[in-house]
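Contents: one structure, followed by commentary.
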Amino acid sequence: MRRRFSISIMLVGTLGAWAGAAIIDRIAVSVGNRAITEADLEREIRITAFLNNQKPDLSPAGKRQAAERMVDQALVRGELEASRYLPPSAADTEAALQEEKARFGDDAAYRRALAADGIGENDLKARLTWQLMLVSFIDVVFRPGVQIGDEEIRKYFDEHMRAGLMQAHPGQTPSVDDYRAGIERKLIGQQADQQVEQWLKEARRRTHIQYHDEVFQ
């Protein structure tokens, strides 16, 4: 079913100075029965830029990339709601916020950075809460089923680590056992990511997704 959404608010009457003004937040993407608005896209772009210490990319290409991320987010949110996943604790979110603040040295610099990127602290906290929920979702749903064998660990060590270690430590023979735990974590993470990508492909296939091209001009 194709649906287009448009919100237009006309302020008239007692708000004489604003008579005739319209506030429009266009729908950028419809994901099933969920709507991602143009304002949602801009907020996503600004918060992502803030977290990555980059300048916001509000170009049509930047909006399209943000839209793809937000479609994936909407699909995962639907699964979280259906499965009644509990959100992270306020303490966990606050710890993540304090970690972000620490990048700026003091509160004043942090506040200036927020203002420069045009975002509010509540928006940032919402994003950090979402990131914690996503990590928990992946850990619960995908990681437990990943099994890494000894042969895979040795293969990764031989192909990606052995030569560098021998060059860094001449005369020493590196042992895979010294790096086994780290390699296993990495390989589990890679396979879990692949499973998430496959899950998202299937979720996209099952869901009606409509991009409203006028927003991406």
Side-chain angles (χ1 to χ4, degrees), residues 1-12 21-52 56-90 92-93 96-97 114 117-145 191-217:
M1 181 173 61
R2 296 172 63 87
R3 298 182 63 185
R4 286 186 176 272
F5 301 80
S6 179
I7 301 173
S8 178
I9 302 173
M10 188 71 71
L11 303 179
V12 295
I23 301 175
I24 301 175
D25 189 4
R26 298 182 295 178
I27 298 300
V29 190
S30 303
V31 186
N33 61 357
R34 298 170 183 266
I36 299 170
T37 70
E38 190 171 15
D40 294 332
L41 281 183
E42 182 172 330
R43 184 165 51 249
E44 163 72 14
I45 290 169
R46 292 185 180 278
I47 294 175
T48 299
F50 177 87
L51 292 172
N52 293 336
D57 179 6
L58 297 172
S59 68
K63 287 183 178 181
R64 188 75 186 203
Q65 290 175 359
E68 295 298 338
R69 293 195 302 270
M70 295 194 76
V71 167
D72 289 345
Q73 291 173 18
L75 295 171
V76 174
R77 287 181 192 277
E79 179 67 19
L80 291 174
E81 291 170 4
S83 303
R84 297 185 179 181
Y85 277 80
L86 294 176
S89 68
D92 287 341
T93 299
L97 179 62
L114 284 178
D117 280 345
I119 61 177
E121 186 172 79
N122 285 340
D123 293 328
L124 177 59
K125 289 179 72 173
R127 164 59 80 83
L128 295 174
T129 299
W130 160 248
Q131 290 181 174
L132 291 170
M133 289 185 69
L134 180 59
V135 170
S136 177
F137 172 69
I138 294 173
D139 285 346
V140 170
V141 176
F142 299 102
R143 284 181 179 270
Q191 290 196 24
D193 288 346
Q194 290 172 5
Q195 290 186 22
V196 171
E197 290 178 6
Q198 185 60 39
W199 182 89
L200 287 169
K201 286 180 181 178
E202 290 298 317
R204 280 174 175 260
R205 184 183 60 80
R206 296 191 305 267
T207 307
H208 174 70
I209 301 171
Q210 180 180 352
Y211 296 86
H212 300 269
D213 292 337
E214 62 274 13
V215 174
F216 302 96
Q217 302 300 319

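FYI, side chains are in, hydrogens and waters are out, and symmetry mates aren't considered; it's all heavy atoms of this structure.
Heavy-atom minimum distance, Thr207 versus Gly32: CG2-N, 3.6 Å. When all heavy atoms of Arg26 and Glu214 are compared, the closest pair comes out as NH1-O, 3.6 Å. Of all non-hydrogen atoms in Met133 and Pro88, the two that sit nearest each other are CG-CD, 3.1 Å. Residues His212 and Ser30 approach most closely at NE2-OG, 3.1 Å, considering heavy atoms. Between Val71 and Ile209, the shortest heavy-atom contact is CG1-CD1, 3.7 Å. Taking each heavy atom of Leu41 and Ala66 in turn, the nearest pair found is CD2-C, 3.9 Å.
Here the CH2 atom belonging to Trp199 is positioned 9.0 Å from the CG atom belonging to Asp72, to the nearest 0.5 angstrom. Note: Ile36 CD1 to Glu44 CD = 9.0 Å, rounded to the nearest 0.5 Å. Between the CH2 atom in Trp130 and the CG atom in Leu80 there is a gap of 5.5 Å [rounded to 0.5 Å]. Taking CD of Gln65 as the start and CD of Glu68 as the end, the distance is 9.0 Å to the nearest 0.5 Å. From Lys63, atom NZ reaches atom CD of Glu42 across 7.0 Å, with rounding to the nearest 0.5 Å.
Here the side chain of Asp25 pairs a donor or acceptor atom with the backbone of Ala39 at under 3.5 angstrom. Under the 3.5 Å distance criterion, the side-chain polar atoms of Gln217 are matched with a main-chain donor or acceptor of Asp213. Side chain of Ser136 to backbone of Leu132: no donor-acceptor contact under 3.5 angstrom is found. Asp117 contributes no side-chain N or O that, together with a main-chain N or O of Ile119, makes up a donor-acceptor pair within less than 3.5 Å.
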Test side-chain contact (heavy atoms from CB on, under 4.5 Å) applied to Gln131 and Leu51, step by step: CA-CA 12 Å; Gln131 290 181 174; Leu51 292 172; 3.5 Å; yes
Stepwise side-chain hydrogen bond (donor to acceptor under 3.5 Å, both in side chains) check, Thr37 with Asp40: CA-CA 5 Å; Thr37 70; Asp40 294 332; 3.1 Å; yes
Asp123/Phe50 under side-chain contact (heavy atoms from CB on, under 4.5 Å): CA gap, chis, key distance, verdict: CA-CA 11 Å; Asp123 293 328; Phe50 177 87; over 6 Å; no
Trace of the side-chain contact (heavy atoms from CB on, under 4.5 Å) decision for Arg205 with Lys201: CA-CA 6 Å; Arg205 184 183 60 80; Lys201 286 180 181 178; over 6 Å; no
Chi angles and distances behind the side-chain contact (heavy atoms from CB on, under 4.5 Å) call for Lys125, Glu121: CA-CA 6 Å; Lys125 289 179 72 173; Glu121 186 172 79; 4.2 Å; yes
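A 6.0 Å sphere centred on CG of Asn52 holds more than 12 heavy atoms belonging to other residues, nucleotides or ligands.
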